[in-house]
Amino acid sequence: MRLCLRALGAPLRGFVLHSGKRVASCFSTAGFDLPDWFKNPEDGGSCAGLGGDGDDDFVLPAKSGTLEERRETATGSGTKPLSILARCPASHQEAEFEADLDEVSRILSSRFASPEAIVIAMDCCHVRVSGRLVDKILHRFNSDWVAAFGFFMWAGTQDGYRHCANSYDSMVDIVGKFKQFDLMCGLISQMHEVGGLVSLVTMTKVMRRLCGANRWSDAIDAFHKMDQFGVAKDTKAMNVLLDTLCKERSVKRAMGAFQQLMGTIPPDESSFNTLVHGWCNARMMKEARKTMKQMEEHGFSPSVVTYTSLIEAYCMEKDFQTVDNILGEMRRRGCPPNIITYTIVMHALGKAGRTQEALDTFEKVKQDACTPDASFYNSLIYILGRAGRFLDANFVVAEMHRTGISPNVTTFNTLISAACDHSQAENALKLLVQMEEKSCKPDIKTYTPLLKLCCKRQWVRTLLFLICHMFRKDITPDFSTYTLLVSWLCRNGKLVQSCLFLEEMVSKGFAPKQETFDLVLDKLENRNMHSAMRKIQLLRVQVAGNRRKSNETRW
DNA sequence: TGAAGTTTAA
């Protein structure tokens, strides 16, 4: 089956998306360059050239698919999810669900100034609200808190429906991600009043989001207030707090909290391992060793997890001599390295350019009768791919199949990224098709290297195709992907598109870096695009305002 | 997403 972009004319031009609407329609109207391999098939292989009688032809390769599937894909309506292989709803009920999902997405895609405006707009919408629909919409709009929260409020008022704890948790996470801490607070109170829906899962999200916004002491406060919402302040909860503080660059605060709490909450092995890992990540090895000692004083001997954290830190320092010493110590103390330890060591050697030593690790794994898992294989594929050894990488994929370990999304992402790095665009796109065939769901990391390659080569049509493909799969760009698109397009002279992505980025609640604004404004000035400049300057002021507002909010 | 490991990267 081959999928021709022109056959998708309707979805391209109408481009019904919950996101990127204006960006996409802009791409589809101007006259852009075709991918090089389309113009010069010998450059990029045979995947793209079909007919070639018009600018819109761009073909993705695919191997299978019935005639029916072809027809359905080619004529697929703009509201159906774009899929290289067509999908049909399994039942009538399923079709209704899909239609409801599309209807809500369509409404939420328009830009609304506030969640309240969405509640009003939703009132004419006759869909059957269910927990599944709410979860799906929250997932789809998890990068657009206004849309997600507006819909959530509306759904909560519908007859015969009540939000479950799980939906509340997702909503808490989304508003937290965009630093809407007042709303987050309100949701927690509501969850409690409605019937004790607050759990450790909820409070974990609260603490992680607060720490993510550098509000470490607010996170500690949230921990102390947990029992007011009926969540026990036990060892498990304390470990979440410690881990959160450590992961969010505040191991010192974690240690402080631990020293305060350990009198009332008994620590376990995880508590110590979390802290050791925190110190190791901060490269404070003396402290890490001290915590290990403290661990032993409490009757816990260092485990493979503890040692592996140490090893990882020395790997980051490229101190492979110390790594070897620790491996020896582990064996002596009857705590042999496991597949995770080996993955770390192998990966670090590979990254340090010591490819052969890295590959020798595979032998050691076999000698130790350690069983490789998907992550280990993925790391091996990464090292081989980086070295351009694609045949060997494919051999590893075959080995995975042979040992009953299915290649996962990371396997594909690694292969795609390596192919892009070596300018093998055709292979990279083939892998994307293979993922679809194997029902392996792509994520944002699948697309980033492909998008980057398109930006670099100025393949704007292919870029559009990929963005379209991405949105249809409910994958929205993250902060870095937006930054990438804005800056690459800007550097490559596609200023209009760059500005549109910048606007969309802000409307999604992201705060672009000053450098990103500077870059765009600089290019606009060079081109004397004054009205666009004013618009972007206004946007910058808006972002600064949002930032101030979110810093003022108190938990 | 979370007590340790794998994919983007200026």
Side-chain angles (χ1 to χ4, degrees), chain A residues 173 177 201 204-205 207-209 211-212 235-236 238-248 254 267-281 288 291 295 300 302-313 315-316 330 335 337-348 350-351 358 361 365 370 372-386 396 400 405 407-421 431 442-453 455 477-481 483-488 491 513 515-516 519:
Chain A
D173 198 46
K177 180 157 103 181
V201 175
T204 300
K205 292 183 193 298
M207 290 188 282
R208 291 203 190 285
R209 290 308 182 188
C211 282
T235 306
K236 200 174 162 198
M238 176 179 74
N239 290 350
V240 169
L241 175 71
L242 299 182
D243 185 51
T244 306
L245 290 167
C246 285
K247 296 262 163 65
E248 300 297 343
D268 64 4
E269 194 196 314
S270 294
S271 320
F272 289 103
N273 280 335
T274 304
L275 290 164
V276 170
H277 186 227
W279 293 122
C280 286
N281 257 349
T291 305
M295 182 176 183
F300 302 104
S303 67
V304 62
V305 177
T306 331
Y307 284 117
T308 301
S309 294
L310 285 188
I311 286 183
E312 191 187 14
C315 278
M316 288 190 281
M330 288 173 80
C335 175
N338 64 16
I339 194 64
I340 298 180
T341 324
Y342 280 123
T343 307
I344 291 168
V345 176
M346 177 177 73
H347 200 75
K351 276 212 157 159
T361 312
V365 166
C370 221
D373 62 5
S375 296
F376 179 85
Y377 282 126
N378 289 344
S379 187
L380 195 54
I381 291 170
Y382 172 79
I383 293 165
L384 292 166
R386 231 167 73 113
V396 176
M400 287 176 85
I405 296 164
N408 59 22
V409 58
T410 307
T411 317
F412 280 106
N413 291 357
T414 308
L415 288 164
I416 288 175
S417 162
C420 288
D421 278 346
L431 284 159
D443 62 19
I444 184 65
K445 292 182 179 73
T446 314
Y447 292 94
T448 311
L450 289 162
L451 295 172
K452 198 179 130 196
L453 188 65
C455 289
D478 54 10
F479 178 84
S480 357
T481 311
T483 307
L484 172 93
L485 288 169
V486 171
S487 44
W488 274 98
R491 289 205 183 96
K513 286 185 276 190
E515 300 100 271
T516 313
L519 177 76

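These numbers come from the heavy atoms of this one structure, side chains and all, not from hydrogens, waters or symmetry mates. The sequence lines fix the lettering, A, B, ..., with proteins before strands; numbering per chain opens at 1.
- Counting to the nearest Å, the P atom of B:dA9 and the CD atom of A:Glu515 are 18 Å from each other.
- Residue contacts for A:Thr448: at a heavy-atom cut-off of 4.0 Å it reaches a base atom on one of the strands shown.
- Counting any heavy atom pair closer than 4.0 Å across all strands shown, A:Asp173 reaches no nucleic acid atom.
- A:Thr274 comes within 4.0 angstrom of the backbone, heavy atoms only, and of no base.
- Screening A:Thr343, A:Thr411, A:Asp373 for a side-chain hydrogen bond (donor to acceptor under 3.5 Å, both in side chains) involving A:Asn378 leaves a single residue, A:Thr411.
- In the interface, the side chain of A:Asn338 is paired with the base of B:dA4 through a donor and an acceptor atom under 3.5 Å apart.
- The side-chain hydrogen bond (donor to acceptor under 3.5 Å, both in side chains) test with A:Asp268 singles out one residue from A:Asn239, A:Thr235, A:Asn273, and that residue is A:Asn239.
- When heavy atoms are screened at a 4.0 angstrom cut-off, A:Tyr307 is found touching no nucleic acid atom at all.
- At whole-Å resolution of the value, CZ in A:Phe479 and C1' in B:dA9 are 13 Å apart.
- Taking both residues in full, the closest heavy atoms of A:Leu242 and A:Ala254 are given as CD2-O, 3.4 Å, listed atom of the first, atom of the second, then distance.
- Where pairing requires Watson-Crick or G-U contacts shorter than 3.5 Å, DNA chain B shows no helical stem with at least three consecutive pairs.
- Formation of a donor-acceptor pair under 3.5 Å by the A:Arg386 side chain with backbone atoms of A:Lys351 is found in this model.
- For A:Glu248, the side chain to side chain contact (heavy atoms under 4.5 Å, CB included) partners are A:Cys211, A:Trp216, not counting sequence neighbours.
- Side-chain N/O atoms of A:Lys452 include one lying less than 4.0 angstrom from OP1 or OP2 on B:dA9.
- A:Thr274 and A:Asp243 are not linked by any side-chain donor-acceptor pair at a separation below 3.5 angstrom, with hydrogens and angles left out of the test.
- The separation between A:His277 atom NE2 and B:dA3 atom P is 11 Å, rounded to whole Å.
- Taking atom CG of A:Leu310 as the reference point, atom P of B:dG5 lies 13 Å away to the nearest angstrom.
- A donor-acceptor contact closer than 3.5 angstrom is absent between the side chains of A:Thr410 and A:Asn413.
- Nearest to the side-chain atoms of A:Ser309 among the listed nucleotides B:dA3, B:dG5, B:dA4 stands B:dA4.
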Subject >> Evaluation steps, side-chain hydrogen bond (donor to acceptor under 3.5 Å, both in side chains), between A:Thr516 and A:Thr483 >> reply: CA-CA 7 Å; A:Thr516 313; A:Thr483 307; 4.9 Å; no
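- In this structure, A:Lys247 reaches the B:dA4 phosphate: one of its side-chain N or O atoms is under 4.0 Å from OP1 or OP2.
- Atom CG in A:Leu484 sits about 15 Å away from atom C1' in B:dT7, given to the nearest Å.
- A:Ser375 contributes a side-chain N or O that forms a donor-acceptor pair with the base of B:dT6 under 3.5 Å.
- Residue-level contact check: A:Asn239 touches neither bases nor backbone, having no heavy atom under 4.0 Å from any strand.
- Summarising the geometry, the separation between NZ on A:Lys177 and C1' on B:dG2 is reported as 16 Å, rounded to the nearest angstrom.
- The same atom, P, is picked in B:dG2 and in B:dT6; the two are 14 Å apart, to the nearest Å.
- In the set B:dT6, B:dA3, B:dA9, the nucleotide with an atom closest to the side chain of A:Ser270 is B:dA3.
- Taking only distance into account, the side chain of A:Asn378 never meets the base of B:dG5 through a donor-acceptor pair shorter than 3.5 Å.
- In this entry the distance linking CZ of A:Arg386 with P of B:dT6 reads 13 Å, nearest Å.
- Listed nucleotides B:dT7, B:dA3, B:dG5 differ in distance to A:Val305; the shortest reach to its side chain belongs to B:dA3.
- Taking the side chain of A:Thr410 as heavy atoms from C-beta on, and the options B:dA3, B:dT6, B:dG5, the nearest nucleotide is B:dT6.
- Distance OH (A:Tyr447) to C1' (B:dA9): 20 Å, rounded to an integer number of Å.
- Taking atom C1' on both nucleotides, B:dT7 is separated from B:dT1 by 15 Å, rounded to a whole Å.
- Under the 3.5 Å distance criterion, the side-chain polar atoms of A:Ser379 are left unmatched by any main-chain donor or acceptor of A:Phe376.
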